[in-house]
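Input: a single structure, listed below in structure tokens.
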There are 2 protein chains.
Amino acid sequence: MAHKPRKEMIAETRAKLIAAARHAFATQGYAEASMDDFTGQAGLTRGALYHHFGDKKGLLQAVIAEIDAEMSDRLCAISSRAKTAWQGFVDENIAYIEMALEPEIRRIMLLDGPAVLGDPSNWPNQNACLRSMTASVQKLIDEGTIRHVDAEATARLVNGATLSAALWIAGAEDPEAASRKATEAFLVMVSGLLKETVPA
Amino acid sequence: MAHKPRKEMIAETRAKLIAAARHAFATQGYAEASMDDFTGQAGLTRGALYHHFGDKKGLLQAVIAEIDAEMSDRLCAISSRAKTAWQGFVDENIAYIEMALEPEIRRIMLLDGPAVLGDPSNWPNQNACLRSMTASVQKLIDEGTIRHVDAEATARLVNGATLSAALWIAGAEDPEAASRKATEAFLVMVSGLLKETVPA
DNA sequence: TCAATTAACATACGTGGCGTATGCGAATAA
DNA sequence: TTATTCGCATACGCCACGTATGTTAATTGA
């Protein structure tokens, strides 16, 4: 049985650490996740972790970068399927709410991430989600669908609204009902961005 | 020099612990704040802390309850000064953004609080801010100023938007400009809630 | 009024988690 | 071949948290 090439082994180690940490962070939370525990479950030790990621925060950054990329992919796929840019914008935000309902994303991206690394807007090379959302808004401005507002500020506002809605729904006694209410209220609110009355 | 009555001594101990923790949490963050350190600075030990608050989380809850009450007071004062309910609603949200720019509130209420205690909407007897915001929205619905949306969902959405805006502004290279952009975009967005075109 | 109990803390102890320093084998470079 | 770097494991010390155990003063109750 031939051994794998060295480069592959290293990449595999990194991947195993990220996967183990991702699972531990999602289920127990960042603070409660013991590095000894989840490195052990990956068949490694903290030595490998410190070598590759520097410290616990560094590993969290790597986990966040991975999840962020996945979220961005999913959002892009959704908005690209829409017939109009506006519908794509709306779909993207509804999808964001649904993603934020997934425990892993809520825990890591919305709760622990900001607390440990600071606000997402200061994360250097990730938050592809925000960039994608900003691009969508800019597109709507350029094609004249919505009013001439600042794209980045609007993207942040809308994103914060959906995020907050998701947290609310997740904790609600009746998530189904909360989801419907939130979606409806969201559509009404963002209709203020439109130049003319909402077409749909 | 007569000693103070017993009840007062106890209340004083609690107040000293909360004040010391509040300062430590705000400046160093919840995770980095050592209980030995800030109880010592208050002239006490961890024994007093565990007796009164159970554990570190319990103390954080007390700190959050205090700050939440202060924020609620400030917001109520602002909205009550406004000429119309809509103007009060807008003022309240602008004020919320400004409050969220204060490092103490950002750190404790917006970053560490949710990470440690879970989302604010699940906090039992606090988040008076949210209740006050919900009441404002309900009032606007009742008087026919805004469309018939769910008050709580709308309050959450709007609050999340302002929160996100504040975090963005705080981390922006040019906070002044960011603040102006965010405020303008906010006004445009929430105008979607109005039944008729924005009066101001 | 005088035990007995409880409240309000302080002290002491054990444990676990983190970071760093060190070691070691394998791969690469010289 | 030797030297050096790389990839990881092992070993150590420290600090912080939680708990168990005092200790003193106030309160109860008979």
Side-chain angles (χ1 to χ4, degrees), chain A residues 1-63 107-108 112-113 115-117, chain B residues 1-63 107-108 112-113 115-117:
Chain A
M1 173 160 180
H3 285 163
K4 300 184 179 179
R6 181 155 174 85
K7 283 275 180 185
E8 261 182 51
M9 292 297 295
I10 295 171
E12 198 174 317
T13 297
R14 281 183 58 98
K16 276 199 281 191
L17 285 174
I18 291 180
R22 179 171 171 167
H23 181 256
F25 291 164
T27 54
Q28 322 181 40
Y30 175 80
E32 278 66 34
S34 157
M35 300 167 71
D36 278 318
D37 284 357
F38 66 75
T39 52
Q41 290 172 5
L44 296 161
T45 68
R46 279 187 5 263
L49 193 157
Y50 279 100
H51 179 72
H52 284 290
F53 302 99
D55 61 349
K56 204 180 183 185
K57 279 188 181 180
L59 182 52
L60 177 62
Q61 281 191 355
V63 169
R107 180 83 252 194
I108 299 179
D112 286 335
V116 176
L117 303 179
Chain B
M1 172 159 181
H3 286 163
K4 299 183 180 180
R6 181 156 172 83
K7 284 275 180 185
E8 260 181 52
M9 290 298 295
I10 296 171
E12 196 175 317
T13 297
R14 281 183 58 96
K16 276 199 279 191
L17 285 174
I18 292 180
R22 177 171 173 167
H23 181 255
F25 291 164
T27 54
Q28 322 181 37
Y30 175 81
E32 278 66 33
S34 158
M35 301 166 73
D36 277 319
D37 284 358
F38 65 74
T39 52
Q41 289 172 6
L44 297 160
T45 69
R46 277 189 3 265
L49 193 158
Y50 280 100
H51 179 73
H52 284 290
F53 302 99
D55 62 349
K56 204 181 182 184
K57 278 187 182 182
L59 183 52
L60 177 61
Q61 282 191 355
V63 169
R107 180 85 256 198
I108 298 179
D112 286 335
V116 176
L117 304 179

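All values derive from a computational prediction rather than experimental measurement. Naming: A, B, ... by sequence-line order, numbering from 1 per chain.
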| Flag side-chain contact, heavy atom, 4.5 Å: Phe53(B) against Val63(B) | no
So which protein nitrogen or oxygen atoms get under 3.5 Å of nucleotides 19-22 of chain D's nitrogens or oxygens?
none

| Roughly how far apart are Leu117(B) CG and Leu60(B) CG, rounded to 0.5 Å? | 4.5 Å
| query | Hey, what do you get for OG1 (Thr45(B)) to NE2 (His51(B)), rounding to the nearest 0.5 Å? | reply | 11.5 Å
| query | Closer than 4.0 Å, any side-chain N/O of His51(A) to the OP1 or OP2 of dG7(D)? | reply | yes
| task | Drop me the distance from Arg107(B)'s CZ to Asp112(B)'s CG, to the nearest 0.5 angstrom. | result | 4.0 Å
| query | Rounded to whole angstroms, how far apart are CG on Leu49(B) and P on dC9(C)? | reply | 11 Å
| Starting at NZ of Lys57(A) and ending at C1' of dG17(C), how long is that distance when rounded to a whole Å? | 16 Å
| query | What's the closest nucleotide to the His52(A) side chain, out of dC9(C), dC8(D), dG18(D)? | reply | dC8(D)
| Atom CD1 in Ile18(B), atom CG in Leu49(B): separation rounded to 0.5 Å? | 10.0 Å
| How about His23(B): does its NE2 atom have over 12 heavy atoms from other parts shown lying under 6.0 Å from it? | no
| request: Give me the residues of residues 14-40 of chain B where at least one heavy atom lies under 4.0 Å from an atom of DNA chain D, by number, or none. | output: Ala33(B), Ser34(B), Met35(B)
| said: What's the closest nucleotide to the side chain of Ala48(A) if the choices are dC8(D), dG19(C), dA10(C)? | reply: dC8(D)
| said: Let's see if you can work this out: which of dG18(D), dC9(C), dC8(D) has an atom nearest to the side-chain heavy atoms of Thr13(A)? | reply: dC8(D)
| query | Within this structure, what is the CZ-to-C1' distance between Phe53(B) and dG18(D), rounded to whole angstrom? | reply | 17 Å
| Got Lys56(A) and Tyr30(A) here, is their nearest side-chain heavy-atom distance under 4.5 Å? | yes
| message | With rounding to the nearest 0.5 angstrom, report the CZ to CD1 distance, Arg14(B) to Ile10(B). | response | 10.0 Å
| query | Mind checking whether Phe38(B) and Leu59(B) have side chains closer than 4.5 Å, heavy atoms only? | reply | yes
| request: Round to a whole Å and report the spacing from CD1 of Ile10(A) to P of dC6(D). | output: 10 Å
| message | If the cut-off is 4.0 Å, is Lys56(B) near the phosphate of dC17(D), judged by side-chain N/O to OP1 or OP2? | response | yes
